[in-house]
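Everything quoted here is computed from the prediction, not taken from an experiment. Numbers for residues simply follow the sequence, beginning at 1.
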Amino acid sequence: MPFIAIELAGSATKEQKAAIVADVTRSMVERLGKPAAAVQIVINEHSTGNYGAAGILIADRPAPPPKEVAPANVGQ
């Protein structure tokens, strides 16, 4: 039985977490041949005020620039 722990700095919506669980489960089924019912996933969310990297709290890092989103299969 695969047990997958996902650690997030910050938070995700219920819809985002549901999509992550579906995607990871599908990957275990496709890649390892595991039955979906056997895949166990836990998502742990950590406050950015309680998590740091490179000597800086994540909450104190400058915000990254916004990402441009490419159009999805336009004209197909």
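Screening residues 48-57 for salt bridge (charged side-chain N to carboxylate O under 4.0 Å, His left out), with sequence neighbours left out, gives no hits. Sorted by first and then second residue, the salt bridge (charged side-chain N to carboxylate O under 4.0 Å, His left out) pairs with a member in residues 36-53 read K17-E45; sequence neighbours excluded. Annotation: side-chain hydrogen bond (donor to acceptor under 3.5 Å, both in side chains) contacts involving residues 27-37, sequence neighbours excluded, are absent.
No side-chain heavy atom of V42 sits under 4.5 Å from any side-chain heavy atom of I6. No side-chain heavy atom of H46 sits less than 4.5 Å from a side-chain heavy atom of N50.
Heavy-atom minimum distance, I43 versus I20: CD1-CG2, 4.3 Å. Across all non-hydrogen atoms, the minimal contact from T25 to A36 is CG2-CB, 3.8 Å. Contact detail for M1 and A38: the closest heavy-atom pair is CG-O, 2.8 Å.
Put simply, I41 and V29 are part of two different groups of oily side chains (I, L, V, M, F, W, Y) that touch within less than 4.5 Å, one to the next. Hydrophobic clustering of Ile, Leu, Val, Met, Phe, Trp and Tyr side chains at less than 4.5 Å, counting indirect connections, keeps V21 apart from F3.
Evaluation of the side chain to side chain donor-acceptor pair (under 3.5 Å) rule for N44 yields E7 as partners, not counting sequence neighbours. Among residues two or more places apart in sequence or in another chain, the salt bridge (charged side-chain N to carboxylate O under 4.0 Å, His left out) test is passed with R26 by D23.
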Donor-acceptor pairs under 3.5 angstrom involving side-chain atoms of residues 56-69: please list them, not counting sequence neighbours.
from : atom 1 : to  : atom 2 : distance (Å)
R61  : NH2    : A53 : O      : 3.4

